[in-house]
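Have a look at the structure below, then the notes.
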Amino acid sequence: MVFISNHIYRCSRRYIITSVLIAVLIILIITTILLVLLIKSTTKRIIPSNLDNTPVLRWNSTGITVVGISGSPGSADNQLNAPSDLLLDYANNLYIADRYNHRIQKYLFGSSIGQTVAGNVTSGSSSDQLSCPSRILIDSNENLYIADTCNHRIQFWRKGANSGTTIVGTGKKNKQNIVAFPPYNSLSLGSAGNSSNQLYSPYGIVFHSTSNTLYIAEDINNRVMSYVLGNNSGTLVLGFNGGGNSNTQLYSPRGLYFDILTNSLVIANAFGNNIVRYVLGSNFWTLIAGDLSGASGTTSAQFTSPIEAIFDPMGNLYVADRNNNRIQFFYAGQLNATTIAGIARVNGTNATTLAAPWSLRLDSQLNLYVADTYNHRIQKFLRY
């Protein structure tokens with residue numbers, strides 16, 4: 001009897017232990033599953049997205065004036081007159097093409113007082129003058145390449161120099177070549193032309209360091225040309241077959257951006273009201289944003305005279321939609337934009353409006369800088 005009792009006791013104890021272990025295992029499995037579900041649920045809640053795994057980018061719609069005096073054009077060191085381009089160097093210093101002051105201004109980070117680094121307040125075609133500079137590039141030595149638009153030439157200006165050197169274009173004075181757009185008709189202009197060594201209203205300029213080649217978008221000639229540095233005779237890249245909307249034509253190309261990842265030029269086709277991509281070596285462009293037929297408008301998929309386009313490191317597109325007085329933001333691959341600065345077709349001088357923005361840049365934190373041209377100021381829109 002004692003043996004049977006002990007046997008029953010051992011079996012009962014083994015059963016209880018087994019049952020407890022199974023129960024604990026079940027609890028652990030259920031807890032693990034709940035934790036996994038909770039983590040997934042929490043992750044979905046805390047990572048906002050407009051597309052799968054695409055983070056939302058947002059900017060404060062109220063701008064901060066960092067250079068210039070709103071609505072007050074002038075030539076003092078703290079004033080601008082129709083700034084048409086801006087760029088940021090490695091230290092976030094600002095360089096500005098001060099268009100109707102015919103000079104390039106440099107502003108140290110945080111300062112609203114500028115220093116003239118090229119040109120002066122007088123329009124002219126001598127080596128120490130500029131006329132309506134529209135775009136600027138800077139190299140690693142802080143030398144400048146300047147689209148001297150109304151002189152129909154590209155000027156190379158060494159850091160600290162008092163004069164520039166013409167590297168593309170004839171640059172000879174010829175008062176007969178007056179562009180019929182105000183206020184150009186009051187300026188002394190250089191000679192324009194359409195031969196391989198001449199330019200006609202150059203705007204966008206980009207440099208391809210690997211091939212040592214400068215690409216130039218010409219507004220009036222409706223073309224993009226390439227020039228190997230040191231050679232004043234260029235090669236036609238695209239266009240020069242009449243302003244139009246076919247994919248082999250350009251229509252008043254203004255902005256130019258080199259996309260190294262796709263070995264292509266991104267062109268702001270101002271009168272074509274679109275942004276197009278031209279892969280080097282191809283025979284035609286493809287549409288990135290805007291209307292394929294060239295129609296203008298104020299919808300999220302349209303532009304009215306877009307004048308510059310840039311990309312951020314994630315491939316998102318930013319466009320200065322000039323005549324709509326706004327900056328448009330496109331997530332990579334999308335055809336519909338969000339307005340991140342300005343108000344469509346509203347021309348104003350307050351902190352939320354723009355007047356014909358010509359240029360835009362991003363700093364390393366993706367804060368947005370805008371050349372608010374006819375408000376004569378540079379606006380900064382903080383990302384948050």
Side-chain angles (χ1 to χ4, degrees), residues 85 87 89 95 97 104 117-119 125 127 130-159 161 163-172 190-241 248-250 252-269 276-286 308-311:
D85 194 21
L87 60 81
D89 68 12
Y95 290 78
I104 307 302
V117 293
S125 58
S127 63
L130 300 170
S131 188
C132 307
S134 295
R135 290 289 186 264
I136 44 179
L137 296 178
I138 187 170
D139 66 19
S140 58
N141 295 314
E142 298 183 50
N143 303 312
L144 295 172
Y145 296 81
I146 304 167
D148 191 11
T149 302
C150 294
N151 278 323
H152 313 292
R153 65 187 182 181
I154 306 301
Q155 293 294 90
F156 175 72
W157 212 288
R158 290 191 182 279
K159 178 183 179 182
S163 62
T165 302
T166 300
I167 58 173
V168 178
T170 54
K172 297 176 183 177
S191 63
N194 56 26
S195 67
S196 63
N197 70 332
Q198 291 180 304
L199 301 172
Y200 203 160
S201 292
Y203 276 83
I205 51 175
V206 293
F207 184 65
H208 190 309
S209 58
T210 303
S211 61
N212 207 35
T213 299
L214 190 67
Y215 292 90
I216 304 168
E218 292 179 77
D219 178 36
I220 304 300
N221 279 333
N222 296 303
R223 69 183 182 182
V224 172
M225 296 287 289
S226 68
Y227 292 83
V228 176
L229 290 188
N231 188 348
N232 194 39
S233 181
T235 301
L236 177 66
V237 175
L238 181 66
F240 199 46
N241 50 0
T248 61
Q249 292 177 297
L250 296 172
S252 191
R254 300 283 183 91
L256 205 56
Y257 178 94
F258 183 70
D259 184 7
I260 191 170
L261 294 177
T262 58
N263 196 38
S264 65
L265 296 171
V266 175
I267 304 165
N269 218 12
V276 301
R277 181 188 301 279
Y278 170 78
V279 178
L280 294 182
S282 65
N283 297 315
F284 56 87
W285 54 253
T286 57
E308 188 168 46
I310 64 172
F311 289 90

Stepwise, does the side chain to side chain contact (heavy atoms under 4.5 Å, CB included) test hold for T262 with V279?
-> CA-CA 7 Å; T262 58; V279 178; 5.6 Å; no
Stepwise, does the side chain to side chain donor-acceptor pair (under 3.5 Å) test hold for S191 with T170?
-> CA-CA 7 Å; S191 63; T170 54; 2.6 Å; yes
Could you walk me through whether V117 and L144 pass the side chain to side chain contact (heavy atoms under 4.5 Å, CB included) check?
-> CA-CA 9 Å; V117 293; L144 295 172; 3.8 Å; yes
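Side-chain atoms of N232 and I167, non-hydrogen and from C-beta on, never get closer than 4.5 Å to each other.
Side-chain contact, Q155 with T166: a donor N or O sits under 3.5 Å from an acceptor N or O. For the residue pair S233 and S196, a side-chain donor N or O sits within less than 3.5 Å of a side-chain acceptor on the partner.
Annotation: the span from N212 atom CG to L229 atom CG amounts to 4.5 Å, rounded to 0.5 Å. Annotation: the span from L256 atom CG to L265 atom CG amounts to 5.0 Å, rounded to 0.5 Å. The CG atom of L137 sits 6.5 Å away from the CG atom of L214 when rounded to the nearest 0.5 Å. Separation of atoms CG (L199) and CG (N194) is listed at 10.5 Å; rounding is to 0.5 Å. Distance CD1/I220 to OG/S252: 6.5 Å, rounded to 0.5 Å.
Across G193 and Q198, no two heavy atoms sit closer than the pair CA-OE1, 3.3 Å. Nearest heavy atoms, T213 versus F207: O-CD1, 3.3 Å. What you find for L250 and N222 is that their closest heavy atoms are O-CB, 3.5 Å. Between L280 and Y215, the shortest heavy-atom distance links the atoms CD1-OH, 3.5 Å. The two residues I146 and A118 have their closest heavy-atom pair at CD1-CB, 3.7 Å. Of all the heavy atoms in L238 and T248, the pair that sits closest is CD1-O, 4.0 Å.
Listed by chain and residue number, S163 satisfy the side-chain contact (heavy atoms from CB on, under 4.5 Å) test with S127 (two or more places apart in sequence, or in another chain). Remark: N141 engages D139, N143 in a side-chain contact (heavy atoms from CB on, under 4.5 Å) (not counting sequence neighbours). Take L236 and apply the side-chain contact (heavy atoms from CB on, under 4.5 Å) test, not counting sequence neighbours, and it matches R223, M225, F240. In this view, T210 and H208 satisfy the side-chain contact (heavy atoms from CB on, under 4.5 Å) rule, not counting sequence neighbours.
None of F156, W157, Y95 except one satisfies the ring-ring contact (aromatic ring centres under 6.0 Å, His included) rule with Y145; the exception is F156. Just one of D148, D219, T149, D85 meets the side chain to side chain donor-acceptor pair (under 3.5 Å) condition when paired with S134; it is T149.
Counting only distance, with no hydrogens or angles, the side chain of N151 and the backbone of L130 share no donor-acceptor pair below 3.5 Å. The closest donor-acceptor contact from the side chain of H152 to the backbone of S201 lies under 3.5 Å. Judged by distance alone, with hydrogens and angles left aside, the side-chain atoms of Y227 form no donor-acceptor pair with the main-chain N or O of N231 at under 3.5 Å. Under a 3.5 Å cut-off, the side chain of W285 and the backbone N or O of Q249 do form a donor-acceptor pair. Checked by atom type and distance alone, the side chain of R158 never pairs as donor or acceptor with a backbone atom of E142 at under 3.5 Å.
Figure legend: cation-pi geometry between R135 and Y203 absent, as NZ or CZ is not positioned both under 6.0 Å from the six-membered ring centre and within 45° of its axis.
Pairs of residues two or more places apart, or lying in two chains, never qualify as salt bridge (Lys or Arg N to Asp or Glu O under 4.0 Å) while including a residue from residues 206-216. Residue pairs satisfying the salt bridge (Lys or Arg N to Asp or Glu O under 4.0 Å) criterion with at least one member in residues 258-267, sequence neighbours excluded, are listed as follows: D259-R277.
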